[in-house]
Amino acid sequence: MRPYPKLIAAWLCLFLAFPALAGEPVFPGGGAVGLEPPGAMTVADSFAGFRDSAEGASILIAEFPVEAYAEIAPKFTAETLAARMKVTRPVEKLTLAGDVEAVLATGLQTQAGIEYRKWVMIARNSDSTAMVTVQIPSASKVYPDAEVEAALQSVRFQPRGSLEDEIARLPFAIGDRADFRAVRTLAGSGMILTDGPKDVVADGSQPIVIIASSLGNNPAIGALSEEQREQLAVKAIQGLNFTDFRAESTEVEEDGDVLISGSGTNSGGQQMMLRQIMRFGGGGHVRTVCIFASEQNIAARCDQVGQAVTLKASAESASED
């Protein structure tokens with residue numbers, strides 16, 4: 001059974017600064033995937049990757065299970081990527097050092113009125129899959145194509161750490177797991193927990209808790225009104241793979257958290273309860289989604305976890321004020 005194919009697809013739709021030493025791969029946060037960052041890019045403090053804030057340029061690294069490559073790589077065609085970017089040259093199959101298999105798509109994408117040159121590469125070794133996304137404003141002359149592509153050729157893998165090491169590198173902290181068991185992290189920005197012996201749960205027999213943070217830093221997030229926060233939270237929960245989702249209650253708490261409770265039918269035709277808490281901090285947000293059968297009665301534990309999740313960048317900013 002392929003692990004979490006729909007969760008992987010969902011993450012695809014969402015998508016400690018120090019100078020790098022030239023010629024040496026840098027592994028942000030000690031993760032399994034690194035590269036030689038181009039130009040003045042340094043390790044980002046709010047996502048797994050690199051950024052040059054002055055140029056508005058970034059490299060995002062997302063880690064997935066090795067099996068995800070077979071799920072994602074076939075989607076790397078001009079047709080399937082057209083909804084997200086304009087592919088400007090044929091998709092390439094690459095072999096990187098260490099017999100790492102990779103597929104690279106190159107093109108243009110416009111966001112908030114700014115056109116970006118974009119590279120999206122999916123690569124795998126024997127035990128990990130990585131998606132590396134490079135975004136450079138088209139108006140920038142600092143990062144020529146050849147320099148970016150040399151950085152992509154430098155992608156390397158190193159042995160994965162323990163699950164707790166991976167959790168420690170996430171851009172959020174969990175003060176209380178409410179006796180849920182961590183299963184794995186995904187994309188360097190989220191994690192999955194459950195309650196029970198199974199790691200892969202497709203039959204609703206165990207609850208699933210998904211904690212996912214926004215990628216990168218968007219100052220506009222901090223300026224959202226209460227209504228805009230509620231709209232963002234509703235859109236997020238409606239994006240889950242559930243038919244006939246019905247929101248039974250939506251509340252905006254005094255601290256700005258948005259709590260949504262509802263139900264829907266999963267892909268297996270089972271009626272499930274859904275509970276989401278979205279928290280905001282600095283230039284991002286993090287949401288905790290619980291999916292469970294009504295008889296499992298874990299709503300209070302879901303809220304306990306969700307309210308104990310804090311974006312690290314937000315916590316660090318608060319401590320400096």
Side-chain angles (χ1 to χ4, degrees), residues 4 7 10-11 14 16 29-31 45-48 161-201 204-215 221-222 229-230 232-233 236-237 240 248-262 272-321:
Y4 320 115
L7 293 178
W11 252 289
L14 291 181
L16 310 178
D45 59 1
S46 58
F47 60 90
S162 69
L163 177 58
E164 290 302 320
D165 288 339
E166 293 181 16
I167 292 171
R169 293 195 297 268
L170 291 171
F172 54 82
I174 313 172
D176 187 349
R177 298 183 192 177
D179 293 327
F180 288 110
R181 177 175 63 84
V183 175
R184 70 164 299 117
T185 61
L186 278 176
S189 63
M191 66 180 293
I192 298 172
L193 305 94
T194 189
D195 185 2
K198 299 178 183 176
D199 285 349
V200 178
V201 184
S205 61
Q206 294 176 193
I208 295 176
V209 181
I210 305 166
I211 305 175
S213 62
S214 56
L215 300 176
I221 290 289
R229 290 186 178 203
E230 182 176 338
L232 181 61
I237 198 168
L240 295 172
E248 297 166 1
S249 67
T250 301
E251 304 173 31
V252 181
E253 307 291 328
E254 289 185 5
D255 58 5
D257 294 355
V258 182
L259 170 61
I260 300 177
S261 179
M272 304 295 289
M273 307 299 295
L274 287 86
R275 197 167 182 87
Q276 173 183 278
I277 293 179
M278 181 175 280
R279 310 197 76 191
F280 297 82
H285 60 78
V286 58
R287 62 186 178 125
T288 302
V289 180
C290 289
I291 303 168
F292 57 98
S294 58
E295 63 270 17
Q296 291 166 343
N297 193 28
I298 60 164
R301 290 171 63 197
C302 290
D303 293 354
Q304 188 175 342
V305 173
Q307 291 164 356
V309 175
T310 307
L311 283 165
K312 289 179 179 175
S314 174
E316 289 166 3
S317 298
S319 67
E320 292 171 0
D321 293 339

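Index from 1, following the sequence.
Residue-environment remark: CD (Glu254) stays at or below the threshold of 12 foreign heavy atoms within 6.0 Å.
Put simply, CD1 on Ile174 and OG1 on Thr288 are 7.5 Å apart, with the number rounded to the nearest 0.5 Å. Rounding to the nearest 0.5 Å gives a distance of 11.5 Å between CD1 of Ile208 and SG of Cys302. The distance from the SG atom of Cys290 to the CE atom of Met273 is 11.5 Å, given to the nearest 0.5 Å. Distance check: Ser189 OG to Leu170 CG gives 7.5 Å after rounding to the nearest 0.5 Å. Taken to the nearest 0.5 Å, the CD atom of Gln206 stands 8.5 Å off from the CG atom of Asp199. Here CD1 of Ile277 is found 7.5 Å from CD of Glu253. Values are rounded to the nearest 0.5 Å.
Considering every non-hydrogen atom in both Ser213 and Phe172, the closest pair reads CB-CD2, 3.8 Å. Of all heavy-atom pairs between Ala182 and Met191, the closest is CB-CE, 3.7 Å. Minimum interatomic distance between Ser205 and Gln296 (heavy atoms only, all atoms of both residues): O-NE2, 3.1 Å. Between Ala293 and Gly204, the closest heavy-atom pair is CB-O, 4.3 Å. The minimum heavy-atom distance linking Met278 with Ala236 is given by the pair CE-CB, 3.8 Å.
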Decide side-chain contact (heavy atoms from CB on, under 4.5 Å) for Asp195 and Phe292; before the verdict, give the C-alpha distance in whole Å, the side-chain angles of both, and the deciding distance to 0.1 Å.
CA-CA 10 Å; Asp195 185 2; Phe292 57 98; over 6 Å; no

Arg279/Asp255 under salt bridge (Lys or Arg N to Asp or Glu O under 4.0 Å): CA gap, chis, key distance, verdict:
CA-CA 9 Å; Arg279 310 197 76 191; Asp255 58 5; 3.7 Å; yes

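With Thr194 contributing its side chain and Pro207 its backbone, the two residues share a donor-acceptor pair below 3.5 Å. Under a 3.5 Å cut-off, the side chain of Arg184 and the backbone N or O of Ile192 do not form any donor-acceptor pair. Of the possible polar contacts, none joining the Ser261 side chain to the Ser249 backbone as a donor-acceptor pair under 3.5 Å is found. With Glu166 contributing its side chain and Gly31 its backbone, the two residues share no donor-acceptor pair below 3.5 Å.
With a 4.5 Å cut-off on side-chain heavy atoms, Val305 and Arg301 do not count as touching. The shortest side-chain heavy-atom distance between Leu232 and Phe280 falls under the 4.5 Å cut-off.
Among residues two or more places apart in sequence or in another chain, the side-chain contact (heavy atoms from CB on, under 4.5 Å) test is passed with Thr250 by Glu230, Ala247, Val258, Ile260. Considering only residues two or more places apart in sequence or on other chains, Glu164 meets the side-chain contact (heavy atoms from CB on, under 4.5 Å) condition with Ser162, Ile167, Arg177. Under the salt bridge (Lys or Arg N to Asp or Glu O under 4.0 Å) criterion, Arg275 pairs with Asp303, sequence neighbours left out.
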